[in-house]
Undergrad: 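Quick one: this structure, given as structure tokens, is what I'll be asking you about.
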Amino acid sequence: MAQLTVEQLFYYPVKSLHGVEVDAVTLDDFGPAGDRRWMVVDEEGRFITQREQPQLALVHSALQDGVLTLSIPGQESPVPVFDSERERRVMVWRDWVKAQLAEPGPAELLSDWLGVRVELAYMPESSVRPVDRNYVPEDRRVSFADGFPFLITHTASLAALSQRIGESVDMRRFRPNIVVSGGDAFDEDRWVRLHRDDFTLDLVKPCSRCLMTTVHPDEGVRSDNLQPLRELGRFRRTPDGVMFGVNAVHSGPATIRVGDTFDIAFREDH
């Protein structure tokens, strides 16, 4: 049976800030524990990402013993962030979600650095944002991630894309949670399930890519030639968008580690 190996794992304590690479992730009801439970919003509560503010890639976040810290350029030390009792509805894509705003301080520092007034919003356990029922029939929830708990990308597909462009593309541009190796480029188009013992990841939808893929993850600026999105558009365009990677939901609590292997279930027409 065909297998995949986990090569890298990432989570993103704050949506659209610099990601955190780890050796293992623990999964909870939302997906990877701590993933995108915080989000930057504007004064009207609408989400702000690297699409509008590419320099957000330069802001690092970390979770230590459940406490979020931000490393904002120009600040001498990481800034702790705590949620407050201030509640407000915030918007991520088309979803309005109940959230708690951060205690004063960190958002003001981030606003000063960005030159735009922002707030930091936290999704508490009591907040339920459902995944798209068009793709997942059962009731499942997701954090402030774009739509699903996981994004899985494939090293062979990245290598094929890099070869077409003529230069190496950093996988971090695609902001995956799980990076796997094994099989041929874009085999993920035919995966339906990855399984290990009594744990499964169901692949529910290809991931449509946007301008964020053109942002250099360490420089916070867009590429002048709009790569790799431009090249992806030449051979990975569908009626639903330009695709790279697959979105997934999980079967329950588990821990995933770098080096883990998963068996692949393919579509019946494979």
Undergrad: Please list, chain by chain and in numerical order, all residues satisfying side-chain hydrogen bond (donor to acceptor under 3.5 Å, both in side chains) with Y12, sequence neighbours excluded.
TA: none

Undergrad: Taking the side chain from E52 and the backbone from T49, do they hold a donor-acceptor pair closer than 3.5 Å?
TA: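 Yes; judged by distance alone, with no hydrogens or angles, the pair exists.
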
Undergrad: Under the side chain to side chain donor-acceptor pair (under 3.5 Å) definition, can you give me all pairs with a residue in residues 130-150, not counting sequence neighbours?
TA: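 Qualifying pairs: K15-D146, D29-R141, R51-D146, W93-D146, E125-R141, D132-N134, R133-D139, R140-H250.
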
Undergrad: Not counting sequence neighbours, which residues clear ring pair (Phe, Tyr, Trp, His ring centres under 6.0 Å) with F199? List them please.
TA: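 F199: no ring pair (Phe, Tyr, Trp, His ring centres under 6.0 Å) contacts found.
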
Undergrad: Test of understanding: with salt bridge (charged side-chain N to carboxylate O under 4.0 Å, His left out), list the residues that count as partners of D42, not counting sequence neighbours.
TA: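 With sequence neighbours excluded, D42 shows a salt bridge (charged side-chain N to carboxylate O under 4.0 Å, His left out) to no residue whatsoever.
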
Undergrad: Take a 6.0 Å sphere around CD of E21 and say whether it holds more than 12 heavy atoms from other residues, nucleotides or ligands.
TA: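 Yes, because the 6.0 Å sphere around CD of E21 holds more than 12 heavy atoms from other groups.
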
Undergrad: Just so I know, are the side chains of V92 and F47 near enough to count as touching, which here means a heavy-atom distance under 4.5 Å?
TA: yes

Undergrad: Assess, by modelled atom type and distance only, whether the side chains of Q100 and E85 contain a donor and an acceptor separated by less than 3.5 Å.
TA: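 No - no donor-acceptor pair under 3.5 Å links their side chains.
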
Undergrad: Under the salt bridge (charged side-chain N to carboxylate O under 4.0 Å, His left out) rule, collect the residues that match up with R222, sequence neighbours excluded.
TA: none

Undergrad: Only counting residues at least two apart or in another chain, list the ones meeting salt bridge (charged side-chain N to carboxylate O under 4.0 Å, His left out) with R46.
TA: E44

Undergrad: Would you mind telling me which of V40, L17, V14, V116 makes a side chain to side chain contact (heavy atoms under 4.5 Å, CB included) with L110?
TA: V40

Undergrad: Are side-chain N/O atoms of T69 and Q64 paired as donor and acceptor at under 3.5 Å?
TA: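 No, no side-chain donor-acceptor pair sits under 3.5 Å.
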
Undergrad: Do S84 and E103 have side-chain atoms, one donor and one acceptor, less than 3.5 Å apart?
TA: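 Looking only at side-chain atoms, E103 and S84 do not form any donor-acceptor pair under 3.5 Å.
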
Undergrad: With a 4.0 Å cut-off on N to O distance, would you call R117 and E119 a salt bridge?
TA: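 Here R117 pairs with E119 in a salt bridge, since their nearest N and O are under 4.0 Å apart.
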
Undergrad: A quick test of your reading: do over 12 heavy atoms of other residues, nucleotides or ligands sit less than 6.0 Å from CZ of R164?
TA: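 Check passes, neighbour count above 12.
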
Undergrad: Under 6.0 Å between ring centres: does that hold for F235 and F186?
TA: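 Ring centroids of F235 and F186 are less than 6.0 Å from each other.
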
Undergrad: For V246, run the side chain to side chain contact (heavy atoms under 4.5 Å, CB included) check against L194, L203, V192 and tell me which one passes.
TA: L203

Undergrad: I'd like to know if D189 and R236 make a salt bridge, using a cut-off of under 4.0 Å between side-chain N and carboxylate O.
TA: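 R236 and D189: salt-bridged.
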
Undergrad: At their closest point, which heavy atom of L68 faces which heavy atom of P13, and how far apart are they?
TA: CD1-CB, 3.8 Å

